Amino acid sequence: MDDIPANNFLQTIIAEDLAAGRVTTVVTRFPPEPNGFLHIGHAKSISVNFGLAQANGGHCNLRFDDTNPEKETPAFIEAIEEDVRWLGYQWHGEVRFASSYFQQLYDWAVHLVEQGDAYVCDLTPDQAREYRGTLTAPGRNSPFRDRSVEENLDLLARMKAGEFADGSRVLRAKIDMSSPNMNMRDPILYRIRKVAHHQTGNDWVIYPTYDFAHGQEDAIEGVTHSICTLEFEDHRPLYDWFLDHLPVPARPRQYEFGRLNPSYTITSKRKLKQLVDEGVVAGWDDPRMPTISGMRRRGYTPAAIRRFCDMIGTTRSDGVVDVAMLEFAIREDLNENAVRAMCVLNPLKVVLTDYPADKVERLSAARHPNREDLGERDLPFTREIYIDADDFREEANKKYKRLVLGKRVRLRNAYVIEADEVVKDDSGEIIEVRAHTIPDTLGENPADGIKPKGVIHWVSVSEGRPAEVRLYERLFNHEAPDKGDNAFMDHINPQSLSVVSRAWIEPALADAEPEQQFQFEREGYFVADRYDHRTDKPVFNRTIGLRDTWTDS
RNA sequence: UGGGGUGUCGCCAAGCGGCAAGGCACCAGGUUUUGAUCCUGGCAUUCGGAGGUUCGAAUCCUCCCACCCCAGCCA
C-alpha cells in the first residue's frame with residue numbers, strides 16, 4: 001500500500017493508547033449502512049479507518065450497520081464490498097453484520113429493563129415529540145416511564161413476539177428528559193417494524209436503533225477506536241452510557257473527525273438517490289456521480305483517491321475542499337502512468353497533396369514521453385489525416401500556435417506540414433484543408449530554419465477508426481450545490497455530458513481493454529468504458545482534461 | 001435565548017510559549033515534437049476580534065464574534 005502513515009490527531013491518540021498500554025492491538029471498523037452506494041466521503045472514512053489500523057499494525061472490520069431493513073438491500077451490500085476492495089483495502093476476517101448481533105442486543109435490552117434502566121413506552125410518535133421538549137425547553141417524563149420491571153419485561157417480550165402493531169410501542173432508555181443533550185432524553189432502543197430483513201428474514205419484528213446498536217457492536221468486535229464523523233459527537237455520551245450500563249466484553253471509544261465536503265459536489269445519500277431516481281444521471285455508477293463506482297467508471301484510480309484523502313488530512317474542522325485537489329490527484333497519477341495516444345474529437349480532413357495516395361508509412365511513437373519502459377506503438381501515416389477543427393484557422397494572431405493557412409505546424413510524432421488552401425462547402429464551412437509536408441522533418445526541424453510554432457495531434461483517415469467519446473464535466477455548476485434544501489436540483493450543469501459519436505482514434509487504441517487509461521494528447525485523460533467499450537465499438541470516457549493555462553487572445 | 005463543536009494565506013493543513021511547514025489554486029520565468037509534464041522564483045510582519053499574563057503568545061487567561069451539528073420510532 002502506498003499510504004503514508006497517518007499523522008493526525010487520531011494517530012496521536014492511538015500512539016498514546018499504545019504507549020500507555022491501554023490498547024495492544026488497534027481495531028477499527030468501517031460501518032456503512034447498505035442503503036446506497038459509497039461516495040467520496042466514505043472513501044475518506046475508509047482511508048482513515050483502514051489507514052490507521054494499517055499504520056499501527058492492527059486491523060479494520062467491514063461491518064454493515066443493517067439495523068433498518070426498510071431502506072437496505074443486498075445489492076447495496078455487494079456494491080459496497082466491491083468498492084472497498086477496489087480501493088485497495090482488505091477487511092479483517094469475514095464481513096460483519098450488525099444483524100448477526102440482534103440476539104445479543106436483545107438480551108442486553110432485557111438486561112437494561114431488569115436493571116430498571118429501560119422501559120416500554122406507548123406514546124405515539126407525535127406525543128413523543130411533544131414530550132421530548134425543544135432545544136431550549138426540557139422534556140417531560142413519559143407517563144409510561146414508571147412501569148414495573150415485570151410489566152416492562154412482559155411488554156418487551158410481547159413486542160418481540162409481534163403482538164403489537166408497527167409504531168405502537170418502543171423500548172426507551174431511562175436517562176434524563178431534561179438533559180440539554182437531546183440524545184439523552186430517554187432515547188429509543190427498539191421500534192416495531194414488521195418487515196423482513198435482508199439477513200435475518202422474518203426472525204425479528206423489532207429492530208434496534210443506531211444508538212443502541214453501534215457501541216455494543218464495537219464492543220462485541222473488540223473495536224478499540226470507533227471513528228465516525230462530527231455529527232455523532234452529541235451521541236458519544238449515549239454511546240458511553242450504554243457501555244457503562246451493560247456487561248459488554250470490551251470498552252471501545254468513539255472519536256469524531258470532520259466530514260469531507262468537496263466543492264461542486266453533493267455527498268448526501270438522500271440527494272444522490274434523488275439524482276438516480278429522477279433520471280438526472282444514469283445510475284449510482286454514472287461517471288458524473290461522486291460515488292466510488294461512478295469515479296471508477298469515470299477513470300479515477302484507487303491510488304489517486306487514496307492520495308487525495310492523504311492530501312486533505314483528517315481534522316475536526318468542517319470545511320469545503322476544492323475539487324481542484326481531487327483533480328490534481330488524478331492528473332498526477334495518470335500523467336505518470338497513462339499511456340499516450342492520439343484521438344481527434346472534432347475531425348477536419350487534411351490532404352497532404354505532396355504525399356502519395358497509396359502510401360502508408362509505419363511510424364513509431366513513444367507510449368510515454370518520459371518513460372521508456374512503456375515502449376512504443378505503431379503509428380501509420382498517410383496522405384489524408386484528420387486534425388481537430390479547433391487546431392486550424394484561416395488566420396490568427398501570433399499567440400495561436402496551431403495550423404494557420406500559409407503557416408507551418410508540427411504533426412505530433414510525425415512531419416511538419418504547411419497549409420496551402422481550404423475547401424469549403426456551400427455554406428462556407430471549411431470541410432478540408434490542403435497542405436504539404438516539409439521534407440525530412442521526421443524528428444528534425446525544417447532545413448530552412450523556419451520552425452513550426454506548435455504541435456497538433458492527428459489520426460490517419462484510412463488507418464484510424466471511429467470511436468464514441470463521452471465528455472464529462474462537473475455535474476453541478478455551483479460551488480456549494482448542497483446549500484439549501486432542494487436547491488441542488490437548480491444547479492445541475494446542463495452540459496455535464498456531451499457525447500462525441502464519431503471521434504477518430506489511432507489504430508493502437510483498438511487494443512484497449514475496458515478500464516484501461518490513456519492520455520489523449522492535448523485533450524486529457526480518458527478511460528475505455530468499463531461496460532460499453534468493445535474492440536469493434538470503442539467507447540472512451542473523459543476522466544479529466546489536461547491542465548490548461550493557455551490564455552486566449 | 002439549551003447543549004456540543006470549529007475558527008492559521010482564495011481552499012486544505014502543520015504548529016501545542018521562542019518569534020508562521022507543506023500541498024492545491026494563482027502569478028512570473030526556464031525547458032519541451034502534448035499551450036501537458038518538469039524546473040526556478042513569488043504568494044499570511046500575521047494566526048476570527050478585543051483586552052490581559054509574559055522578556056516573549058497563533059500557542060496561556062478573559063470577554064466577544066462568526067460558522068457547523070442536535071428537537072427521525074434514519075444512520
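Quick caveat, the model's predicted, so the values are computed rather than measured. Residue numbering restarts at 1 for every chain, and letters A, B, ... go by the order of the sequence lines.
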Criterion side chain to side chain donor-acceptor pair (under 3.5 Å) on A:Glu479 and A:Tyr264, from CA distance to verdict: CA-CA 4 Å; A:Glu479 196 176 356; A:Tyr264 296 97; 5.0 Å; no
Nucleotide B:rC24, atom C1' - distance to CZ of A:Phe308 in whole Å: 10 Å
Sugar-phosphate, base or nothing in reach of A:Val170, heavy atoms under 4.0 Å: base
N/O donor-acceptor pair, side chain A:Arg236 with base B:rG4, under 3.5 angstrom: no
Any donor-acceptor N or O pair under 3.5 Å, side chains A:Ser364, A:Glu376: yes
Carboxylate-amine/guanidinium proximity below 4.0 Å for A:Lys71 and A:Glu33: no
N or O in side chain of A:Arg132 less than 4.0 angstrom from B:rC73 OP1/OP2: yes
Sugar-phosphate, base or nothing in reach of A:Thr67, heavy atoms under 4.0 Å: sugar-phosphate
Atom pair distance, as rounded to whole Å: CD in A:Glu130 and P in B:rG72: 13 Å
Inter-nucleotide C1' distance (B:rG3, B:rA71), Å rounded: 12 Å
Sugar-phosphate only, base, or nothing, as touched by A:Thr549 at under 4.0 Å among non-hydrogen atoms: sugar-phosphate
Short side-chain donor-acceptor distance under 3.5 Å, A:Tyr119 and A:Asp186: yes
Base B:rU34 to side chain A:Gln519, donor-acceptor N/O within 3.5 Å cut-off: yes
Under 4.0 angstrom between A:Arg307 side-chain N/O and B:rC24 OP1 or OP2: no
Sugar-phosphate, base or nothing in reach of A:Pro237, heavy atoms under 4.0 Å: nothing
A:Lys273 NZ to B:rA75 C1', straight-line distance once rounded to whole Å: 15 Å
Closest listed nucleotide, where the reference is the side chain of A:Leu135 and the choices are B:rA75, B:rG35, B:rA71: B:rA71
Nearest-Å distance for atom pair CG/P, residues A:Asn370 and B:rU37: 11 Å
Sugar-phosphate, base or nothing in reach of A:Arg169, heavy atoms under 4.0 Å: nothing
B:rA28: pairing nucleotide in any strand, Watson-Crick or G-U under 3.5 angstrom: B:rU40
Donor + acceptor pair across side chains of A:Glu361, A:Tyr355 (<3.5 Å): yes
Contact nearer the 5' end of RNA chain B, comparing A:Glu233 with A:Leu442: A:Glu233
Sugar-phosphate only, base, or nothing, as touched by A:Met311 at under 4.0 Å among non-hydrogen atoms: sugar-phosphate
Separation of atom CH2 in A:Trp550 from atom C1' in B:rU34, rounded to whole Å: 14 Å
Short N-O contact, A:Arg377 and A:Glu506, less than 4.0 angstrom: yes
Listed nucleotide nearest any side-chain atom of A:Asp322, set B:rG35, B:rC11, B:rC74: B:rC11
Touch class at under 4.0 angstrom, heavy-atom based, for A:Val416 against every strand present: nothing
Sugar-phosphate only, base, or nothing, as touched by A:His214 at under 4.0 Å among non-hydrogen atoms: nothing
Contact list for RNA chain B against residues 34-43 of chain A - heavy-atom distance below 4.0 Å: none
Sorted by number, the residues of residues 156-168 of chain A with heavy-atom contact under 4.0 Å to RNA chain B: A:Gly167
Given B:rC70, B:rA75, B:rA36, the nucleotide with the shortest approach to the side chain of A:Arg340: B:rA36
Presence of A:Ser317 side-chain N/O under 4.0 Å of B:rC68 phosphate oxygens OP1/OP2: no
A:Asn337 versus A:Arg371, side-chain donor and acceptor atoms under 3.5 Å: yes
Phosphate contact (B:rA75 OP1 or OP2) by A:Arg191 side-chain N/O below 4.0 Å: yes
Flag for A:Asp176-A:Ser178: side-chain donor and acceptor within less than 3.5 Å: yes
B:rG52 versus B:rA14 - spacing of their C1' atoms, nearest Å: 28 Å
Side-chain H-bond candidate by donor/acceptor type, A:His214 with A:Arg29, under 3.5 Å: yes
Candidate nucleotides B:rA36, B:rA75, B:rG35, ranked by approach to the side chain of A:Lys401 - the nearest: B:rG35
Touch class at under 4.0 angstrom, heavy-atom based, for A:Ile188 against every strand present: base
A:Arg316 vs B:rG7: side-chain N/O to OP1/OP2 distance below 4.0 Å: no
Under 4.0 angstrom between A:Arg129 side-chain N/O and B:rG72 OP1 or OP2: yes
Touch class at under 4.0 angstrom, heavy-atom based, for A:Leu189 against every strand present: nothing
Mate of B:rA71 where both pairing distances stay under 3.5 Å, Watson-Crick or G-U: none
Test item: side-chain donor near acceptor, A:Asp211 and A:His235, under 3.5 Å: yes
Phosphate contact (B:rC12 OP1 or OP2) by A:Thr315 side-chain N/O below 4.0 Å: no
Nearest-angstrom distance from the residue atom CG of A:Leu230 to P of B:rC67: 18 Å
Base B:rG3 paired with A:Asp234 side chain (donor-acceptor, <3.5 Å): yes
Salt-bridge present (A:Arg542, A:Glu523; N to O < 4.0 Å): no
Touch class at under 4.0 angstrom, heavy-atom based, for A:Leu171 against every strand present: nothing
Pair A:Arg129 + A:Asp126: basic N to acidic O under 4.0 Å: yes
Sugar-phosphate only, base, or nothing, as touched by A:Phe232 at under 4.0 Å among non-hydrogen atoms: base
Watson-Crick or G-U wobble mate for B:rC63, both contacts under 3.5 Å: B:rG49
Validation row, ring centre A:Phe518 to ring centre A:Tyr525 under 6.0 Å: no
Sugar-phosphate, base or nothing in reach of A:Asn68, heavy atoms under 4.0 Å: sugar-phosphate
Distance, P atom - from B:rC64 to B:rG2, rounded to whole angstrom: 12 Å
Separation between the C1' atoms of B:rU45 and B:rU40, rounded to whole Å: 26 Å
Touch class at under 4.0 angstrom, heavy-atom based, for A:Arg193 against every strand present: base
Side-chain N or O of A:Arg522 closer than 4.0 Å to phosphate OP1/OP2 of B:rG35: yes
Euclidean distance, atom NZ of residue A:Lys44 to atom P of B:rC12 [Å, nearest integer]: 11 Å
A:Met182 side-chain proximity, nearest of B:rA71, B:rC74, B:rA36: B:rA71
Pair A:Glu221, A:Tyr101: side-chain N/O donor-acceptor within cut-off below 3.5 Å: yes
A:Asn183 CG - B:rA71 P separation (whole Å): 8 Å
